[in-house]
Novice: 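Below is one structure. I have some questions about it.
So that the names make sense, note that chain A is the first sequence line, chain B the second, and so on, each numbered from 1. Bear in mind that the values here come from a model prediction, so they are computed numbers and not experimental data.
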Amino acid sequence: MSENKKTNINELSTKYKKRSQTADIFRRLCRNKTAVIGGIVVIILLLMAIFADVLHDYEGEVIKQDVTQRLQSPSAEHWFGTDEMGRDLFARVCYGAKYSLLIGFCAAVVSIAIGLVLGALAGFYGGWIDMIIMRIMDVLLAIPGTLLAIAIMASLGASIGNLVIALSVSGIPGFARIVRSSVLTIKDSEYVEAARAIGATDRIIIFRHVLPNGMAPLIVQATLRIGSVILSAAGLSFLGLGVPAPHPEWGAILSNARSYIRDYSYIALFPGLAIMTTILCLNLLGDGLRDALDPKLK
Amino acid sequence: MWKFIVKRLVSMIPVLLGVTLVIYLIMSMAPGDPAKVILGEQATPEQIAALRDELHLNDPVLVQYARYIGGLLTGTMGKSYNSGLECGIEIMARFPNTVRLASVSVVLSVVLALPLGVIAAVKQNTIFDGASMVFALIGISMPVFWLGMLLILFFSLRLGWFPSSGSEGLKSLVLPAVTLGFQHMASIARVTRSSMLEVIRADYIRTARAKGVSENKVITKHALKNALIPTVTVIGLQIGGMLGGSVMTESVFAWPGIGRLMVQSINKRDIPMVLGCVIMFSVSFSIINLIVDVLYGFIDPRIKSQYK
């Protein structure tokens, strides 16, 4: 009898086993069609960026100049046409995904990492640590992000590394604020108190208990941040302050296209469309993630 | 209300000091000797040393910063490396152009975005709602300089309706203002739609309808006024982006504002001018944020009561 009861309980617990939260969020995300479309395009762009060197020959196709092929309209041979140096625009736009996404992801990761530590310290310890960190963040927030990045690039000079630094700095205050507010709501919860009672150190409490529970708004913000970083990076390259020539960053391609827009408008069309599609899909994915992570919309 | 404004103005002082310090430190990291930039390639080491002494470039950075702040308080921003003139004079000469462009863009984006957002919310789940939100999403995703290039291509080069550059007359303002305002219009429309959707389901809206108030009055007088707080917040937040966007827009349309002056100064390595431009933008941004905070009080009496 007792054996039977045990089997029944096991069967019931398997049947009604609580689904993991991640699986639940993923299921809700998959229900959102626009977010799925956005996610698929982002994955395709990521694959294009990862395999850029396999798909296109950098030396022989992406940056190789050929004056006999200059300013060719889109054709079967050159899908997006060629630019003023005779370079294939399709190869440059595809390869450009590598630069744009690399800069976007790196700058977002650096902003998150620094913002996470600063926000966690400010929220968890409070007092003068909070005061000093948040006043510095207030100062950084008082400078419009693009302008701060322009100032840093003007000072450090145009290069991919400097561009990542410039765009990371302007993103830190936003993440620090989000993490701080999450930590403030979590730090007094019972499970944090329990961890403290069993002798867990502050580092373990912050990184094992507090931060994993405050990740939801951070994930959404990160997705949207990658989009805005790509947009700002393109803007800086457009002004000549971002990725230096001959690297095929989308903003830099558009900057070169400016002089030829009257007669060869296709040069400006495709890189612009690439930027717009990427930002649009990242926004769709970010919006979908926000809805999927919102417990009110379960 | 006045007490609140004075309090906010006082709290702005340390933030602005911090802003100037951050920008000053960033710009002081620029490679190259300013004395060499001013005197040119042919300058002798003695001439360079004399100018470095005259400009106090041998002092520690923080001492130089304190001197710069002293100058700002007496109304001087230092001399341009390029023209040798006082930076403040050139910045103030260009400032009205940037203000003109930014204010027309704000007005344009708000005037178009509010009805778009309201109609999308009132006609939720219709074709109009879908179309306006797709339009808004495209607007948010479009790089401001690319939109500027496309507008020049169609409305200036192909149709010849508007000039592609310059700042003479009202016609020359149209394309830059649309370029700068489009992205912000999209954001404002999205926020207006979502806050209107929350408000029009509220009990007091149902009560107003039950009392027989006309639908127009319900939407404009009862719903919109209550939905405006998030919209005003977004407008305030967008202005920071708009100042950044104005740098790109002014460059695309050769608009003679501070944004273009800043890009030109960067290309000429004119550090005092770049510093002055960024500080001018940041001070404007802080003042706009203060105005937005005060505006809340006029929209929402509950917030106004907290100001006392």
Novice: Testing the basics here: between B:Met27 and A:Ala154, what is the closest heavy-atom pair and its distance to 0.1 Å?
Specialist: CE-CB, 4.2 Å
Novice: Most heavy-atom pairs under 4.5 angstrom with chain B, which of A:Thr34, A:Asp287, A:Ile230?
Specialist: A:Asp287
Novice: Write out, in numerical order, the residues from residues 248-260 of chain A with a heavy atom short of 4.5 Å from a heavy atom in chain B.
Specialist: A:Leu254, A:Ala257, A:Arg258
Novice: Count the heavy-atom pairs under 4.5 Å between each of A:Ile261, A:Leu156, A:Thr146 and chain B, then report the option with the highest count.
Specialist: A:Ile261
Novice: Atom OG of B:Ser141 and atom CG of A:Leu273: how far apart are they, to the nearest 0.5 Å?
Specialist: 12.0 Å
Novice: Measure the CG-CG distance between B:Leu137 and A:Leu280 for me, rounded to the nearest 0.5 Å.
Specialist: 5.5 Å
Novice: Tell me, for B:Leu275 versus chain A, whether the close heavy atoms (under 4.5 Å) come from the side chain, the backbone, both or neither.
Specialist: neither
Novice: Determine yes or no for a side-chain-to-main-chain donor-acceptor pair under 3.5 angstrom, with A:Ser155 supplying the side chain and B:Ile26 the backbone.
Specialist: yes
Novice: Keeping the roles fixed (side chain from B:Trp146, backbone from A:Ile275), state whether a donor-acceptor pair exists under 3.5 Å.
Specialist: no
Novice: Look only at the side chain of A:Arg262 and the backbone of B:Arg158, and say whether a donor-acceptor pair between them is shorter than 3.5 Å.
Specialist: no
Novice: So how far is it from A:Ile279 CD1 to B:Ile138 CD1, rounded to the nearest 0.5 Å?
Specialist: 13.5 Å
Novice: B:Val252 versus chain A, heavy atoms under 4.5 Å apart: side chain, backbone, both or neither?
Specialist: both
